Amino acid sequence: MRRLRSSTVVLGGMGVLAATITSCGSEPDRRCVDPVTRDKLPSYECDGGSGGGTARGTYYYGGSVSNGKVSGGSFDKSAVERGGFGCSSSGSGGG
């Protein structure tokens with residue numbers, strides 16, 4: 001019985017590892033944000049607004065939202081793209 005339990009733990013860990021490896025190349029989180037105030041906006045604000053007007057927001061990649069404001073990410077998608085475990089990085093970030 002003990003051997004069976006340890007095998008289950010190993011297989012469970014392999015599932016987590018496989019999920020991490022397959023995340024290689026997945027898109028970073030994307031949010032619509034006011035570029036001046038960094039307030040999170042509804043997605044239609046980045047898609048030209050209602051009625052075909054100009055977009056008020058810009059997409060913000062990665063990071064997190066706290067009290068309606070974003071932080072820890074970037075408006076530059078390539079700045080936050082990073083591969084998962086075992087992925088080769090296609091570029092190096094420099095500020």
Side-chain angles (χ1 to χ4, degrees):
M1 281 286 200
R2 287 182 185 161
R3 195 171 286 196
L4 177 62
R5 287 182 188 160
S6 64
S7 297
T8 304
V9 172
V10 170
L11 290 174
M14 292 297 284
V16 172
L17 179 62
T20 304
I21 291 172
T22 57
S23 69
C24 193
S26 64
E27 294 288 315
D29 289 342
R30 178 175 84 165
R31 299 168 178 87
C32 186
V33 172
D34 183 308
V36 176
T37 64
R38 298 228 174 172
D39 290 333
K40 185 176 181 299
L41 302 171
S43 60
Y44 66 81
E45 292 284 0
C46 285
D47 297 327
S50 59
T54 57
R56 178 177 130 198
T58 303
Y59 283 114
Y60 187 86
Y61 300 92
S64 60
V65 180
S66 178
N67 296 326
K69 301 236 183 228
V70 296
S71 63
S74 175
F75 288 103
D76 180 9
K77 181 179 177 182
S78 63
V80 296
E81 284 182 335
R82 55 184 169 263
F85 179 78
C87 299
S88 60
S89 128
S90 58
S92 59

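We number each residue from 1, following the sequence as shown. Keep in mind that what you see is a predicted model, and the values were worked out from it rather than measured.
Arg38 has its side chain within reach of Tyr60: a pair of non-hydrogen atoms, C-beta onward, lies under 4.5 Å apart. You'll find the side chain of Pro42 stays beyond 4.5 Å of the side chain of Cys32, heavy atoms only.
When all heavy atoms of Thr58 and Phe75 are compared, the closest pair comes out as CG2-CD2, 3.8 Å. Minimum heavy-atom separation, Asp34 to Leu41: N-CD1, 3.5 Å.
The backbone N or O of Gly62 lies less than 3.5 Å from a partner atom in the side chain of Arg31, making a donor-acceptor pair. Listed for the Lys69 side chain is a donor-acceptor partner under 3.5 Å among the backbone atoms of Thr37.
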What's the verdict on side-chain hydrogen bond (donor to acceptor under 3.5 Å, both in side chains) for Tyr59 and Asp47, showing C-alpha distance, side-chain angles and the deciding distance? CA-CA 10 Å; Tyr59 283 114; Asp47 297 327; 2.8 Å; yes
